[in-house]
2 protein chains.
Amino acid sequence: MAAEVKDAREEREVWSAYLVQHGLKRSEQREAILEVFLRTENHLSVEDLLQLVQKRRPDVGRTTVYRTLKLLSAAGLARELHLDGETRFERDWNREHHDHFICRACGDIFEFKSDEIEKLQEEIAERIGFAIDGHRHHIYGLCRRCQAKAAASRR
Amino acid sequence: MAAEVKDAREEREVWSAYLVQHGLKRSEQREAILEVFLRTENHLSVEDLLQLVQKRRPDVGRTTVYRTLKLLSAAGLARELHLDGETRFERDWNREHHDHFICRACGDIFEFKSDEIEKLQEEIAERIGFAIDGHRHHIYGLCRRCQAKAAASRR
DNA sequence: TTACGTGCAAATACTTTGCAGTTCC
DNA sequence: GGAACTGCAAAGTATTTGCACGTAA
């Protein structure tokens, strides 16, 4: 859809600006990693990203992926998630804040957002004088599909 | 308070039962680790726990702490938390479910609980046919004290 | 007695860092 | 030309496992 294309363009601009502002250079590896990161479904582990990038450019090293993900995060393009100890990255530019459902069977991740929950959080924080600057709300369980599978195999 | 003492007694019973049911043995190291774990404020890292245990018994090894924490978790006495990548353990027997505020400055952790938030979670899950079996809700920011400190040093 | 528990050292997994050679500007 | 970038190998963390020895039941 058009929005995606536009978003990606904006993200590339942010990236360029970030590089310039920090006296950093462009490189083919970084471009390749950025491309894959922007084009791919979310919630990638470092290993996932490395595999995908290496399909195009087998010479890109794991180290560079780590380093580039750091930069993408610093530039506000990526966001790091810690799911039960697993580290993953998702796109974070111009994206509404959201949280995650994680299926324990297939690992699929579903995003959700609730203004009501955020408001309640804020109220509780006020009561104890806590100034919120971010949060992670991860809900674990079984997705619809895996529930069906489980039910089927039980018969 | 009385409730604490009673809880700890109950936890020791659960522990004993767990050992028996699984054909495991009592040991001085395990007892020492359990004691410290039960007596201490929550949210310990493995390293924290090791240090505390070694004050009493310098011969207890890190490996045993890891192994005992696994057992305590399996017995339902401990719960593992992943705070922004950091692994910590808290008591989990007879404790109401709760979530956490984490101060980014001093690292202090405050617990909270909200039936309303849980209910909203449940509603959202229903909408996408997701069967919740647990969640982690971590809120980051500054605690009252650290806000005051920050304000003071800004002058 | 015998299966379980322990600490150490080694192995694993994940991530960062030092370095020598390469590339961008 | 010089600073930044890269991949590799080495070094760090965090955690688990193999093993020979010790200990509870």
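Heavy-atom basis, side chains included; hydrogens, waters and symmetry copies ignored. In the text below, chain A, chain B and the rest are named by the order of the sequence lines, each starting its count at 1.
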Give the rounded distance in Å between these two atoms: CZ of B:Arg62 and P of D:dT17. 17 Å
Is there a side-chain contact between A:Glu118 and A:His135 in this structure, where contact means two heavy atoms from C-beta onward sitting under 4.5 Å apart? yes
Using a 4.5 Å cut-off between side-chain heavy atoms of Ile, Leu, Val, Met, Phe, Trp and Tyr, which other residues end up in the same hydrophobic cluster as B:Leu81? B:Leu83, B:Ile102, B:Ile109, B:Tyr140
I'd like to check the ring pair (Phe, Tyr, Trp, His ring centres under 6.0 Å) partners of A:Tyr66; sequence neighbours left out, ordered by chain and number. none
Between atom CZ in B:Arg57 and atom C1' in D:dT23, what is the gap in whole Å? 12 Å
In whole angstroms, the gap separating C1' of D:dC8 from CD of A:Gln54 amounts to 13 Å
Salt-bridge present (B:Glu35, B:Arg12; N to O < 4.0 Å): yes
Return the value, rounded to whole Å, for the distance between atom CG of A:Leu34 and atom P of D:dC5. 15 Å
Pairs meeting criterion ring pair (Phe, Tyr, Trp, His ring centres under 6.0 Å) with involvement of residues 111-131 of chain B, two or more places apart: A:Phe101-B:Phe130, B:Phe101-B:Phe112, B:Phe112-B:His137
With the threshold set at 4.0 Å, does a side-chain nitrogen-carboxylate oxygen contact exist between A:Asp99 and A:Lys113? no
Atom pair distance, as rounded to whole Å: CD in A:Glu47 and P in C:dT12: 16 Å
Side-chain donor-acceptor pair under 3.5 Å between B:His82 and A:Glu86, yes or no? no
Do the side chains of A:Arg95 and A:Glu111 get close enough for a salt bridge, i.e. N-O under 4.0 angstrom? yes
Separation of B:Asp59 atom CG from D:dC21 atom C1', in whole Å? 15 Å
When you compare the side chains of B:Arg91 and B:Thr40, does any donor N or O come within less than 3.5 Å of an acceptor on the partner? no
Tell me which residues in residues 65-76 of chain B lie within less than 4.0 Å of DNA chain C, going by non-hydrogen atoms. B:Arg67
Thinking salt bridges, do B:Arg136 and A:Asp84 make one under a 4.0 Å N-O criterion? no
Short of 4.0 Å, heavy atom to strand atom, which residues of residues 78-89 of chain A count as contacting DNA chain D? none
Side-chain contact, heavy-atom cut-off 4.5 Å: B:Leu34 with B:Thr68? no
Please list, in numerical order, the residues of residues 15-32 of chain B that have a heavy atom closer than 4.0 Å to any atom of DNA chain C. B:Gly23, B:Leu24, B:Lys25, B:Ser27, B:Gln29, B:Arg30
